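Everything on this sheet refers to the single structure shown next.
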Amino acid sequence: MTTTSHNNPSVSSLDTASHEADNILEVRGVHAYYGSTCALRSIDLDVKANQVYAFIGPSGCGKSTFLRCFNRMNDFITDFKIEGSIKYRNTNIYHTDVDPVLVRRHIGMVFQKPNPLPTSIYNNVAWGPKINGFKVDFDELVETSLKKAALWDQVKERLTDNGYHLSGGQQQRLCIARAIAMNPDVILMDEPCSALDPISARKIEELIVDLKKDYSILIVTHNMQQAARLSHHTVFMLKGEIIEHGPTHNLFATPQQSLTKEYITGKFG
């Protein structure tokens, strides 16, 4: 994986990043490649704090690749390359002096399929902060994180149970609690409801509505009704490009691009 950086001051920790920026994330001129295949083209986007951004588009359009760029998860792909800049609170996270582990402390991720650790519910939540050297009351941190994930009342008497003993929806909320425990600014969610039954999916949606008070949330979804219900802003992507983005109500009610209208009315996808 290779990167290019653009006119960014040398930084060793995102913990000193300014919290005075108008945008929590700024994307400028991003191109991304898997080997010689271009997956993202000329991407520009601003993300404001405490807003939900939904990324929609047909399979293979680059939504998940783009989402993973925000916390450098694509670094694990050997032939991945990115050009341009993605700034978190005015710091380019792809600058050579930025530690990707620190990026992931500030920008957490919840995956499509629940992926709890093969350990207790308690340790699932406490593990990340412990290995990152957090000096906190871990009992309090675990309780607070599980409460924010709307899971505490269901598991408070079974914290020593293995996380795999939970239902699918509960496992996904445990993964959200695990992300919250790291005290991030941003939570990325890659189709967090697609592997769940309708009742569990509804609970995750209700949780997202509650979490947006404290976090910026970027969510990839194939469900346009879900995007309309949950998000402040919607980004429509096609063939690695952003075709249109804007306030969700405006994009769904009066799309400015014909491709957007065709997609949201089901003419392709």
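Just so it is clear, the model here is predicted, and its values are computed rather than measured. For the single chain, residues carry numbers from 1 onward in sequence order.
Qualifying salt bridge (charged side-chain N to carboxylate O under 4.0 Å, His left out) partners for Lys147, counting only residues two or more places apart in sequence or in other chains: Glu143. Partners of Asp161 according to the salt bridge (charged side-chain N to carboxylate O under 4.0 Å, His left out) rule, which considers only residues two or more places apart in sequence or in another chain, are Arg158. With sequence neighbours excluded, the residues that form a salt bridge (charged side-chain N to carboxylate O under 4.0 Å, His left out) with Asp46 are Arg28. Not counting sequence neighbours, Tyr122 has no partner by the ring-ring contact (aromatic ring centres under 6.0 Å, His included) test. Checked against ring-ring contact (aromatic ring centres under 6.0 Å, His included), Phe66 has the following partners two or more places apart in sequence or in another chain: Phe55, Phe70. Applying the ring-ring contact (aromatic ring centres under 6.0 Å, His included) test to Phe236 and every residue at least two apart in sequence or in another chain returns Tyr263.
Sorted pairs that involve residues 231-258 and meet salt bridge (Lys or Arg N to Asp or Glu O under 4.0 Å), not counting sequence neighbours, are lacking altogether. Sorted by first and then second residue, the salt bridge (Lys or Arg N to Asp or Glu O under 4.0 Å) pairs with a member in residues 253-269 form an empty list; sequence neighbours excluded. Applying the ring pair (Phe, Tyr, Trp, His ring centres under 6.0 Å) rule to pairs touching residues 135-180 yields nothing, sequence neighbours excluded. Note on residues 204-213: pairs passing salt bridge (Lys or Arg N to Asp or Glu O under 4.0 Å), not counting sequence neighbours, are Glu205-Arg229, Asp210-Lys213. Counting only residues at least two apart or in different chains, ring pair (Phe, Tyr, Trp, His ring centres under 6.0 Å) contacts with residues 191-235 comprise Tyr53-His233. Residue pairs meeting the side-chain hydrogen bond (donor to acceptor under 3.5 Å, both in side chains) criterion with at least one partner in residues 31-41, sequence neighbours excluded, are His31-Ser42, Tyr34-Thr65, Tyr34-Arg68.
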Apply the test side chain to side chain contact (heavy atoms under 4.5 Å, CB included) to residues Asp75 and Met73: give CA-CA distance (whole Å), side-chain angles for both, the deciding distance (0.1 Å), then the verdict.
CA-CA 5 Å; Asp75 287 19; Met73 288 298 294; over 6 Å; no

Go through it in stages, so that I can follow the logic: the residues are Ile176 and Leu151, the test is side chain to side chain contact (heavy atoms under 4.5 Å, CB included), and I'd like the CA-CA distance, side-chain angles, deciding distance and then a yes or no.
CA-CA 10 Å; Ile176 292 171; Leu151 191 57; over 6 Å; no

Worked check of side chain to side chain contact (heavy atoms under 4.5 Å, CB included) between Leu146 and Leu159
CA-CA 10 Å; Leu146 289 169; Leu159 295 177; 3.8 Å; yes

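Asp190 and Ser64 share a donor-acceptor pair across their side chains, judged by distance under 3.5 Å alone. If you check the side chains of Thr248 and Thr234, you find a donor sitting under 3.5 Å from an acceptor. Side-chain atoms of Asn23 and Lys48 form a donor-acceptor pair, as typed in the model, at a separation below 3.5 Å.
With values rounded to the nearest 0.5 angstrom, Arg72 atom CZ is found 7.0 Å from Arg104 atom CZ. Between the CG atom of Asp185 and the CG atom of Asp214 there is a distance of 10.5 Å, given to the nearest 0.5 Å. Here Ile219 contributes atom CD1 and Gln226 contributes atom CD; the two are 4.5 Å apart, rounded to the nearest 0.5 Å.
Heavy atoms of other residues, nucleotides or ligands lying less than 6.0 angstrom from CD1 of Ile199 number 12 at most. Atom NZ of Lys113 is surrounded by 12 or fewer heavy atoms from other residues, nucleotides or ligands within 6.0 Å.
Minimum heavy-atom separation, Ala227 to Thr221: CB-CG2, 4.0 Å. When all heavy atoms of Phe80 and Cys69 are compared, the pair lying nearest together is CZ-SG, 4.0 Å. Nearest heavy atoms, Leu238 versus Ile243: CB-CG1, 3.7 Å.
Checked options Leu218, Ile217, Val209; the residue passing with Val52 is Ile217 (criterion: side-chain contact (heavy atoms from CB on, under 4.5 Å)).
Contact of the Arg173 side chain with the Gln154 side chain is registered, since non-hydrogen atoms from C-beta on lie closer than 4.5 Å.
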